[in-house]
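Letters go in sequence order (proteins before strands), and every chain restarts at 1. Here the structure is a predicted model, which is why all the values come from computation and not from measurement.
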2 protein chains.
Amino acid sequence: MADETTDHDDETALPVVRMRRPRWGDPGAPAELPAAAAALVGAGVGATDVVDPDDVALPAPAVPDAARAALTDLLGSGHVTDDRRERIDHTRGYSTPDILALRHGDGSDAPDLVVTPGSHDDVLGILTICAEHRVAVVPFTGGTSVVGGLAPQRDGFSGVVSVDMGRLDRLVAVDEISRTATLQAGLRGVRAEELLRAKGYTLGHFPQSYEGAGIGGYAATRSAGQSSAGYGRFDEMVEHIVLATPRGTVEVGTAPRSAAGPDLRQLLLGSEGVFGIITEVTVRVRPAPTHRIFEGWRFDDFDSGAAALRALAQDGPMPTVLRLSDEVETSINLADPGELGVDAGGCLVVVGYEGRDDEVQRRRAAVTDALRAAGGVSAGTEPGEAWRTGRFRAPYLRDPLLDAGVLVETLETVTFWSRLNDVKAAVTAALTDALTDQGTPPLVMCHISHVYASGASLYFTVVCPQADDPIAQWSAAKSAANTAIRQAGASITHHHGVGRDHRDGYHDEIGNLALDALRAVKHTLDPEGVCNPGVLI
Amino acid sequence: MADETTDHDDETALPVVRMRRPRWGDPGAPAELPAAAAALVGAGVGATDVVDPDDVALPAPAVPDAARAALTDLLGSGHVTDDRRERIDHTRGYSTPDILALRHGDGSDAPDLVVTPGSHDDVLGILTICAEHRVAVVPFTGGTSVVGGLAPQRDGFSGVVSVDMGRLDRLVAVDEISRTATLQAGLRGVRAEELLRAKGYTLGHFPQSYEGAGIGGYAATRSAGQSSAGYGRFDEMVEHIVLATPRGTVEVGTAPRSAAGPDLRQLLLGSEGVFGIITEVTVRVRPAPTHRIFEGWRFDDFDSGAAALRALAQDGPMPTVLRLSDEVETSINLADPGELGVDAGGCLVVVGYEGRDDEVQRRRAAVTDALRAAGGVSAGTEPGEAWRTGRFRAPYLRDPLLDAGVLVETLETVTFWSRLNDVKAAVTAALTDALTDQGTPPLVMCHISHVYASGASLYFTVVCPQADDPIAQWSAAKSAANTAIRQAGASITHHHGVGRDHRDGYHDEIGNLALDALRAVKHTLDPEGVCNPGVLI
C-alpha cells in the first residue's frame with residue numbers, strides 16, 4: 001500500500017517545464033499517443049499539418065517607440081524583447097482552438113513586446129507607461145489559460161505588451177505560527193511546492209496545469225486544484241493580495257476573516273488581469289503530508305456515485321481528493337491513458353488521503369464506512385494510484401491526438417446538487433447534437449472533480465474526428481454547450497475562468513447591473529482601460 | 001450529561017423579542033442586575049437619569065410631501081408612519097453610546113418615516129421614490145447594530161426613511177438535495193431557526209444579538225455567530241443574494257463556487273446597505289442536531305489556551321463552539337452573571353459539540369485528545385452548560401449597569417496568530433490608558449470566540465465608572481483602541497461591522513484606491529447616493 005510519501009512525492013519531483021507553443025510540455029520530449037488510444041481513435045483519421053514556428057504570421061510590432069524606450073529605461077534592454085520566438089511563446093494559451101490556431105500559422109494575437117519586470121515597482125512602472133501610451137497589457141505567469149485569457153483585444157490600442165512575471169519567483173516569507181506563506185506571482189506552481197516542502201509545508205494546489213501554471217494565474221483565475229476537497233480552492237487559501245494598477249498599489253486582506261466591509265480579496269481573485277496585475281499573495285499553507293493513500297471505488301452508475309460524493313460533502317468527513325467518472329469516462333479510463341479501453345463497468349470513484357498517519361487512517365476509516373453505506377465497492381489502491389501518477393498527463397495526450405486528426409477538448413461547469421443531473425444531460429446533449437450535426441459524432445465523457453456541501457463541478461471531455469475547419473467545428477459545439485449551461489442555470493465555468501471565450505455567458509450570468517459595477521471598478525483602477533482589454537468584462 | 005437536545009433546545013424556544021429602545025430585550029421584563037454584579041461594581045456609583053421616551057427630542061419630519069404621498073400610494077397608509085414611538089424605536093442601534101444618547105433624550109438620528117415593504121418590488125419602488133426625492137434610506141431588520149450602521153447622514157438629503165423589512169419574513173423554499181434554504185431578509189434569526197427546525201434543519205447562526213437580529217442584517221454586516229467553528233460565518237453560508245438597488249435588481253450566486261469572475265456575493269456581503277437593500281438570501285443549512293455537549297476546559301494562562309485553540313484550528317478537528325476567556329474574563333465569569341466573581345484561576349475554554357450522536361462522540365474524542373495534549377484540564381460540563389444557557393444574556397446586563405452608573409461596552413478585532421498577543425496587549429493598554437487618564441480606570445476583559453487556521457478574533461469587554469459625559473468618555477477610549485488596532489496591523493472589526501463608528505479605521509485598512517473602487521460600485525448602483533449615506537464609505 002502506497003502510504004509513505006517519501007518515494008512517491010511526485011508533485012515536487014516534477015521539473016518546472018518551459019513549454020514551447022503550440023505543444024504542451026517539454027518540447028525536448030514530445031508525448032506519443034499510447035497504442036490503446038491510437039487503436040481507439042483508429043482508422044479514418046490521418047496526420048494533420050503543423051505550420052513551422054518560423055512561418056507563423058505575426059502582427060507587425062506596433063508599440064510606439066516612446067513607450068518601448070520608456071520600458072527599456074525602466075527594465076533594461078535585457079528585459080524588453082520583440083524576439084519572434086518569445087512573441088509566439090506568449091501568444092494565447094492552451095485551449096484546443098489556441099493550439100490549432102498556432103498549428104495553422106495564425107499568430108495574430110501575439111504580443112508586440114514581452115517584458116520581464118523584476119519587482120512590484122517595475123510592474124507599477126510598466127502599467128504607468130502603458131497607460132500613458134495606450135498599450136494593452138497582458139499579465140503572463142504560466143500561459144496555460146484555456147479560455148482566451150491571454151488574448152486581449154488590439155482594437156483601440158497602440159500595441160500589446162505581455163508582462164511575463166517569471167523573474168518575480170521568490171518565496172518571500174513563511175509565517176510558521178499563522179501557517180501562511182508569501183509568494184511572488186511569477187512563482188510557478190511546481191517551484192512554489194518545492195520551496196515550501198523544503199520548509200516542511202505544502203500549498204496543496206494541484207490543478208491539471210500544475211506543470212505550467214503559476215501563482216499569479218492561480219489567483220487571477222480563481223483556480224481550483226485536484227486536491228480541493230482536502231486543501232480547498234486557491235481562492236480559499238488567499239489571505240492577502242498585492243495588486244499593481246495603473247493608479248498605484250492596492251493591498252487587501254488584513255486578517256483571515258473580517259466584517260470590515262466587502263471581502264475585497266474576492267473582488268480581485270478572478271479579476272483576470274482587468275484591474276491590474278497581482279504581484280504577490282499570502283496564502284495558507286499546511287504541513288507537508290507524511291502519508292498518502294489513493295484508492296478506487298466502484299459504483300453501479302453515476303447517480304449512485306454522485307449520491308455518495310454528496311453524502312461526504314454534506315456530512316463529512318472529506319478525503320483530500322474525491323472524483324467520480326461517469327460510465328463513459330470510466331469505460332475509456334482517461335485517467336490512465338496506457339490502459340485506454342479497459343472497461344470494468346459502472347463508475348469509478350477515486351479517493352485520495354494525505355496527511356499525518358493517524359489523520360489519514362482516521363479519515364479513511366470514516367470515508368470507507370460512508371462509501372460502503374452508499375453502495376460503493378472497493379477497487380483497491382491500483383485505480384487510485386494509476387490516477388495519481390497519471391493525473392498531469394492528460395494535456396500531453398492532446399497534441400498527438402490532434403496530430404492524428406482527432407479533436408479533443410474539455411469544458412466544465414458547476415451547479416447545485418439538485419440540478420446536477422439536468423445540467424449533465426443538457427450539456428451532453430448539446431455537445432453531441434452540435435458535433436453530430438457537423439458529421440463528427442463525438443464521445444462525451446464527464447466527471448465530478450470538485451464537491452461542495454451544496455453542489456459540484458461537472459467536467460466534460462469531448463473527442464471526435466476533426467472536420468476541415470476544426471476551430472469552427474469546436475466553436476459551434478462550445479457555443480451550444482455554453483447555451484445549455486446557462487439555460488440550465490449553471491455557472492459558465494467552474495475553474496477555467498472567463499477570458500474572452502466565456503464572456504457572453506458570464507455577462508448573462510451576472511446581469512447588466514453587476515457588470516456595470518465591475519466596469520466601474522475597472523474604470524477606477526485602470527482609467528485608460530489598458531489592463532487585459534476584452535477579457536472578462 | 002446534557003447530550004440530548006430535546007429538552008435543551010433553547011435557540012428555538014426563545015421568543016422573537018420586539019425590543020423597545022433604549023433597553024435591550026422585552027420591555028415587559030426588564031433585566032435586573034444580579035447581586036454578585038451589583039456587589040462587584042459596588043459603592044460609589046449611583047443611578048443615572050433616563051429621559052422618558054415622550055421627552056426625547058426628535059427632528060421635525062422632513063420627507064417631502066410628494067415623496068411621502070408616493071410611498072403611501074405604493075405601500076398603503078398602514079405601511080408608512082411617522083408615529084413618534086416608531087421613529088424612536090428605529091433610531092440608531094444598540095451600542096452603548098446609542099443607548100446613552102437616547103437615555104439622554106437625544107433622538108437627532110431618528111428617521112422621519114418608517115416604511116414596511118411587503119415585497120421585493122416594494123423595496124425597489126421605495127428606492128426609486130427616495131432616489132427621485134433625495135431621501136436617505138436606512139435598511140432595518142433587527143436594529144441591533146453596535147457601530148452606527150443605522151444612523152445615516154442627514155446633511156444633503158431631504159429626509160430619512162427607515163425601511164423596516166419585518167413583513168418580508170418568509171422561509172421561501174428549502175432545497176433538501178442541495179441543503180439550502182431561501183430566506184427573506186426581514187426574517188428574524190429566532191424565527192428563521194424555528195421555521196428551519198420544523199423541517200429538520202438548522203442554520204446554526206447564533207450571534208449574541210440572536211434574539212434581536214435578522215437575516216438581512218446578518219448578510220449586510222458579514223455576521224459571525226457563536227457557533228462559527230462548526231457552522232461557519234454567515235458570509236460562508238450564503239449561496240445566492242437578491243439585492244434591490246435604485247437602478248434595479250442585482251442577483252448573484254449561480255453555484256456554490258465558480259471561477260466566473262470575482263465572487264460578487266462577497267462584494268454584497270458586508271456592504272451595509274450602501275449599494276441597496278438585500279431582500280432575500282439562499283443559505284446553506286444543515287440537519288438539526290440531535291445531540292449536544294458543552295463543556296469547560298482550564299488552561300494555566302491565555303497563551304497556552306490560545307495555543308490549544310490554534311492547534312485545533314490548524315490541525316482539526318473543530319468542535320461546534322470554541323472560545324477562550326483570558327485571565328481577567330475568566331475571573332469575572334461574565335458568561336454566568338449569576339456567578340460573577342467566582343474565580344477558579346487560569347483561563348476557561350468553552351467547547352461545544354452539536355450534531356448526530358456518533359459525530360459528536362467522534363469529534364469530542366479527538367478534540368479532547370488535542371486539548372489534553374496542549375495542557376488543558378477538563379472542567380466538566382457545568383462551565384460549558386452555564387455558558388450555553390447564559391450566552392444571550394450579556395446584552396441584558398448592560399442596561400442595569402448603566403442604570404447603576406457603570407459604563408460597559410465591547411469591541412472586537414481579528415488578526416493572524418503571529419500577531420495575536422501584540423494586538424491583545426496593545427488594545428488592552430490603549431483602553432486602560434485612555435480611561436485611566438479620565439479618572440475612570442477600567443477592567444478590560446478579552447476572549448477569543450472565532451478561530452481560523454491563520455488567526456483568531458479578539459473580543460474586549462470594558463467596564464468602568466461612568467464619567468459626567470459618558471459618550472465623550474467612551475469615544476476617547478474607543479478612538480484609542482481603534483488606533484491601537486490599526487497600528488498593530490489588525491482589522492478594525494471582526495463581526496460588528498463598520499457603520500459610521502469604524503469608518504476612519506476601515507478607510508485606513510483598505511486604502512484610498514480600494515475605497516475609490518467601492519465608491520464607484522456605489523455610484524453605479526445608487527447614483528443619487530441615497531442608500532445608507534455616511535455608512536461604510
Check your understanding: When heavy-atom pairs shorter than 4.5 Å are enumerated against chain B, which of A:E239, A:H494, A:R257 gives the highest number?
Key -> A:R257
When the side chains of residues 414-421 of chain A are checked against the rest of the protein, which donor-acceptor pairs come out under 3.5 Å, sequence neighbours left out?
from   : atom 1 : to     : atom 2 : distance (Å)
A:W417 : NE1    : A:Y452 : O      : 3.0
A:W417 : NE1    : A:A453 : O      : 3.2
A:S418 : OG     : B:D175 : OD2    : 2.6
A:S418 : OG     : B:S178 : OG     : 3.1
A:R419 : NH1    : A:G489 : O      : 2.9
A:N421 : ND2    : A:D303 : OD1    : 3.3

Review point. Any side-chain heavy-atom pair from B:T245 and A:L513 closer than 4.5 angstrom?
Key: yes
Practice item. Could you tell me which portion of A:R233 (side chain, backbone, both or neither) has an atom closer than 4.5 angstrom to a non-hydrogen atom of chain B? Key: side chain
Practice item. Heavy atoms only: give me the nearest B:S454-A:R284 pair and the separation to one decimal. Key: CB-CG, 4.4 Å
Practice item. Pick one of side chain, backbone, both or neither for A:R310, based on which atoms fall under 4.5 Å of a heavy atom in chain B. Key: side chain
Point to revise | pair B:T254-A:I492: side-chain heavy atoms closer than 4.5 Å | key: no
Revision key, fill the gap. Answer key: most heavy-atom pairs under 4.5 Å with chain B among A:V285, A:L536, A:L268, A:L264 is A:L264
Review point. For chain B, which of A:D516, A:V498, A:V250 has the most heavy-atom pairs under 4.5 Å?
Key: A:D516
**Study point:** N/O donor-acceptor pair under 3.5 Å between B:R222 side chain and A:P262 backbone
**Key:** no
Point to revise | Backbone N/O of B:A260 and side chain of A:T493: donor-acceptor pair under 3.5 Å | key: no
Check your understanding: Who pairs with A:H496 by ring pair (Phe, Tyr, Trp, His ring centres under 6.0 Å), at least two apart in sequence or on another chain?
Key -> A:Y459
